[in-house]
Protein chains: 2
Amino acid sequence: MEKEISQAVIRRMPRYYRYLGELLDDGVERISSNDLSARMRVTASQIRQDLNNFGGFGQQGYGYNVKYLYDEIGNILGINQRHNMIVIGAGNLGQALANYVNFEKRGFVIIGLFDVNPALKGTCVRDIKVRMMDELEVFVRKWPVDIAALTMPKEHAKEIANILVDLGIHAIWNFAHLDLELPEHVVVENVHLSESLMQLSYNFANYKKLTDKK
Amino acid sequence: MEKEISQAVIRRMPRYYRYLGELLDDGVERISSNDLSARMRVTASQIRQDLNNFGGFGQQGYGYNVKYLYDEIGNILGINQRHNMIVIGAGNLGQALANYVNFEKRGFVIIGLFDVNPALKGTCVRDIKVRMMDELEVFVRKWPVDIAALTMPKEHAKEIANILVDLGIHAIWNFAHLDLELPEHVVVENVHLSESLMQLSYNFANYKKLTDKK
DNA sequence: TGTAGAGTGTTAAATTTTTCACACATTGAC
DNA sequence: GTCAATGTGTGAAAAATTTAACACTCTACA
């Protein structure tokens, strides 16, 4: 078995993908790790190391073919394979996700939106109907759901996550401010906005301290 | 000058803060790095190392006083100091931020919400009025703004970010899918949702591969 | 076709991050 | 008060990550 690739590397791959997409749009055909490194402000060495975790995509004396590398990274990340998503919590955040058409372009299709608020029942976000939570189970049994995004308040997240896992979903995009404790085979990706804000706050305070001292 | 603390450490601090807050709510008075490590699923060693970057908050034979440590980490992160925020982009995501009352509890107060869409002019999210972009400059000159959250489409983010920086703002919470190139003294925290989703996608695909092989 | 230059893949070194291990301060039971 | 148990702070080891260095391949131009 191949050795496992570290999350540090994985976290950088989407960024490569983004930059390559831009190059593609700009009609750039080929790029060297050096040129890319200058654009992305990372070392060329890191780019080459990262990519070589997945295989040799470049060619000596030439560099990397943008289109080819773009597609390869897309495959690695599972982009352009269709992923059906549901979003639990149709508040602003849930609606923001539902409205974000770029996900769909990449194969991440939101097929259902759920909430407890009866006022939302039957309303639509884009063409996605908001359903009540009691319809969740039937829905998930009927449609193949790959990923569930949790955008509801943290009070219910734990319970819902367990239900989803019992229903066979094993990828969860968690926006609730808590750490889900789920079986090992379930993949969880956390987006903790308040923690991100606090990190910003620290760096902000620290920058001020630095300049105040001068 | 004290040696700089790595972002890896900073990124973990809000999580400690969150767990300590929960302990506090549960009426727990003291905790050892060992107990905390069991709850948080990190090594006790890491907890002690992390905290000791900022000073010795614990006591041998006793552990850490929850309330005290909670407050200290709060201070380190600049929580409970007031931070005035503005949000550029009053779409779903901007409104989600504006509606999220917990930020305010922590001292992060959104004082303005801006958009280009005239249909939103004068509408309110909670008690925050949505203003048009052409009012931005006067607003920022009038009110002290610490942090700007960018939730508008990426096409305009670069330009707006430059304007904000010129107006003296030096902390930016960037939700747009691009990397801002700003002067060194500006602190930027990125939240790239699509990259987070791709990381989930990779891990999802990889989990599947693993189990399929068996 | 030959060859200088470009640029990858890869091994090795440097750095950073995490974990281990333990001396010693404090607690709390008796 | 004594003393075993607890549990931090910290220096050192281990592991992981990042950067550097370079042999060798392929390109592109004459």
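All values below come from the heavy atoms of this structure, side chains included, with hydrogens, waters and symmetry mates left out. Lettering follows sequence order; numbering is per chain, from 1.
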*What are the 5'-most and 3'-most nucleotides of DNA chain C lying under 4.0 Å from any heavy atom of chain B?*
dT17(C) to dG28(C)
Is any side-chain nitrogen or oxygen of [X] closer than 4.0 Å to OP1 or OP2 of [N]?
X      : N       : value
Y62(B) : dG9(D)  : no
R30(A) : dA28(D) : yes
N52(B) : dT10(D) : yes
T43(A) : dT18(D) : no

_For a 4.5 angstrom cut-off between non-hydrogen side-chain atoms, does I110(B) reach E104(B)?_
no
*Does a side-chain heavy-atom distance below 4.5 Å link I73(B) with F54(B)?*
no
*Do S45(A) side-chain and dA20(D) base share a donor-acceptor contact under 3.5 Å?*
yes
*Polar pair under 3.5 Å, donor/acceptor by atom type, side chain Q49(B), base dT10(D)*: no
*Identify the heavy atoms of N34(B) and S37(B) that sit nearest to each other, and give their distance.*
O-OG, 3.0 Å
*What pair of heavy atoms forms the shortest contact from H83(B) to S201(A), and how long is it?*
NE2-OG, 3.5 Å
*Take Q59(A) and D50(A), find for each the nucleotide of DNA chain D with the closest heavy atom, and name the residue whose nucleotide sits nearer the 5' end.*
D50(A)
*asked:* Can you work out whether I31(B) or R48(A) has the more 5'-proximal nearest nucleotide on DNA chain D?
replied: I31(B)
*Kindly point out which of dT27(D), dG9(D), dT25(D) is positioned nearest to the side chain of Q60(A)?*
dT25(D)
Between [atom2] of [N] and [atom1] of [X], the distance in whole Å:
X      : N       : atom1 : atom2 : value
L51(B) : dT8(D)  : CG    : P     : 10 Å
N53(B) : dT10(D) : CG    : P     : 11 Å
I47(B) : dT10(D) : CD1   : P     : 17 Å
D35(B) : dG7(D)  : CG    : P     : 7 Å
Q46(B) : dT8(D)  : CD    : P     : 15 Å

*asked:* How long is the straight-line distance from CG of N80(B) back to NZ of K105(B), given to the nearest 0.5 Å?
replied: 12.0 Å
_Presence of salt bridge, E22(A) and K154(B), under 4.0 angstrom_ = no
_Set of ring pair (Phe, Tyr, Trp, His ring centres under 6.0 Å) partners for H192(B), sequence neighbours left out_ = none
